[in-house]
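Structure first, then comments.
Source: prediction; values computed, not measured. Sequence positions, counted from 1, serve as the residue numbers for this chain.
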Amino acid sequence: SSVLCGFYAIVVLAGIEDSDRSLLSASLAIVFAGFFDAMDGRVARLTRTQTDFGVQLDSLADLISFGVAPALLVHQWVLQDLGSAGLITSFLFLAAGAARLARFNVMSARGDNPSDAFVGLSIPLAAVALVSLVIAGVKLQTNAAEYVNYIAVYILVIAALQVSTVRFRSFKNLQL
């Protein structure tokens with residue numbers, strides 16, 4: 001279901017229609033992907049059905065839903081105005097997410113992943129940071145082109161945080 005939402009976001013963004021509605025529809029699909037991703041992980045932990053296959057599949061789903069889709073979203077929203085620099089900026093977000101997921105999988109295979117923290121900003125949280133910005137910009141009818149350089153720097157900071165060694169709190173063990 002997470003992959004379906006990510007794929008839907010990509011299809012909407014790749015469509016002919018370039019409008020605020022497309023941006024919001026894609027953003028909503030990414031938000032739903034996050035919901036399904038969180039539920040999938042929680043169910044696997046509660047039922048103790050976590051497997052190596054599941055870890056790999058989850059990472060591939062995350063790369064589509066929280067890497068490709070948000071990178072395309074911000075590119076279509078405002079980064080396309082920067083030409084090649086915009087393409088490289090959105091790609092760096094995607095590449096950092098892929099590297100972050102690969103590091104997570106290697107650490108998981110070694111048993112080095114702490115249960116209470118993530119090393120580097122997780123790709124779903126990085127996607128939330130981008131999607132939130134797009135939704136706010138569209139809903140507030142902001143002329144994003146005026147702020148394109150600041151937005152590009154913001155995206156590069158998020159990309160850097162994904163591949164950093166900064167520890168971020170994990171909500172995997174959160175008791176509701």
Side-chain angles (χ1 to χ4, degrees), residues 1-15 22-23 25-45 49-80 86-115 117-135 151-152 154-172:
S1 54
S2 176
V3 173
L4 174 62
C5 291
F7 179 68
Y8 176 76
I10 293 166
V11 168
V12 167
L13 292 166
S22 296
L23 294 170
S25 293
S27 296
L28 185 61
I30 296 167
V31 169
F32 273 106
F35 171 77
F36 291 128
D37 180 58
M39 290 301 104
D40 173 54
R42 195 162 228 1
V43 168
R45 281 187 292 282
T49 54
Q50 297 162 294
T51 63
D52 292 339
F53 178 79
V55 169
Q56 298 302 322
L57 185 60
D58 184 64
S59 288
L60 292 171
D62 286 356
L63 188 59
I64 293 167
S65 299
F66 308 123
V68 175
L72 184 58
L73 177 70
V74 294
H75 183 267
Q76 296 297 92
W77 176 51
V78 70
L79 291 181
Q80 64 186 343
L87 184 64
I88 291 168
T89 300
S90 55
F91 171 73
L92 287 174
F93 173 83
L94 172 59
R100 163 66 179 78
L101 288 166
R103 180 176 59 193
F104 176 82
N105 288 354
V106 168
M107 289 176 69
S108 291
R110 291 181 184 162
D112 292 341
N113 271 337
S115 63
F118 288 117
V119 178
L121 183 65
S122 73
I123 193 168
L125 290 179
V128 166
L130 293 192
V131 170
S132 300
L133 182 65
V134 172
I135 292 171
I151 293 168
Y154 175 77
I155 293 165
L156 293 173
V157 168
I158 292 169
L161 286 172
Q162 287 184 90
V163 295
S164 73
T165 55
V166 174
R167 290 183 175 255
F168 291 87
R169 187 185 187 309
S170 167
F171 297 100
K172 289 180 180 180

Check whether any side-chain heavy atom of [X] sits under 4.5 Å from a side-chain heavy atom of [Y], and report yes or no.
{"X": "L94", "Y": "L63", "result": "yes"}
{"X": "L92", "Y": "I88", "result": "yes"}
{"X": "L60", "Y": "V3", "result": "no"}
{"X": "T165", "Y": "R103", "result": "yes"}
{"X": "L156", "Y": "T89", "result": "yes"}
{"X": "L23", "Y": "L73", "result": "yes"}
{"X": "L133", "Y": "Y154", "result": "yes"}
{"X": "F91", "Y": "H75", "result": "no"}

Polar side-chain atom of R100 near backbone of V119 as donor-acceptor pair, under 3.5 Å: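 Yes, R100 side chain to V119 backbone: donor-acceptor pair under 3.5 Å.
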Test your reading of the model: is there a side-chain donor-acceptor pair from S2 to the backbone of A61, 3.5 Å cut-off?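 No, because the side chain of S2 does not come within donor-acceptor range (under 3.5 Å) of the backbone of A61.
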Nearest 0.5 angstrom please: [X] [atom1] to [Y] [atom2], how far?
{"X": "S1", "Y": "D40", "atom1": "OG", "atom2": "CG", "result": "7.0 Å"}
{"X": "D37", "Y": "C5", "atom1": "CG", "atom2": "SG", "result": "10.5 Å"}
{"X": "D62", "Y": "F104", "atom1": "CG", "atom2": "CZ", "result": "8.5 Å"}
{"X": "L72", "Y": "S90", "atom1": "CG", "atom2": "OG", "result": "8.0 Å"}
{"X": "L13", "Y": "Y8", "atom1": "CG", "atom2": "OH", "result": "10.0 Å"}
{"X": "S122", "Y": "L161", "atom1": "OG", "atom2": "CG", "result": "11.0 Å"}

Closest approach of [X] to [Y] (non-hydrogen atoms, all atoms of both residues):
{"X": "A96", "Y": "A159", "result": "CB-O, 3.3 Å"}
{"X": "N105", "Y": "S59", "result": "OD1-OG, 2.9 Å"}
{"X": "A126", "Y": "I158", "result": "CB-CG2, 3.6 Å"}
{"X": "I123", "Y": "G97", "result": "CD1-CA, 3.6 Å"}
{"X": "P70", "Y": "F93", "result": "CB-CE2, 4.0 Å"}
{"X": "A26", "Y": "A9", "result": "O-CB, 3.7 Å"}

For I151, run the side chain to side chain contact (heavy atoms under 4.5 Å, CB included) check against V134, V78, V74, L130 and tell me which one passes.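 Only one of V134, V78, V74, L130 forms a side chain to side chain contact (heavy atoms under 4.5 Å, CB included) with I151, namely V78.
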Around atom CZ of F7, are there more than 12 heavy atoms of other residues, nucleotides or ligands at under 6.0 Å?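 Atom CZ in F7 is not packed in, count stays at 12 or less.
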Verify the neighbour count for atom CZ of F32: are there more than 12 heavy atoms of other residues, nucleotides or ligands below 6.0 Å?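 Not more than 12 within 6.0 Å, no.
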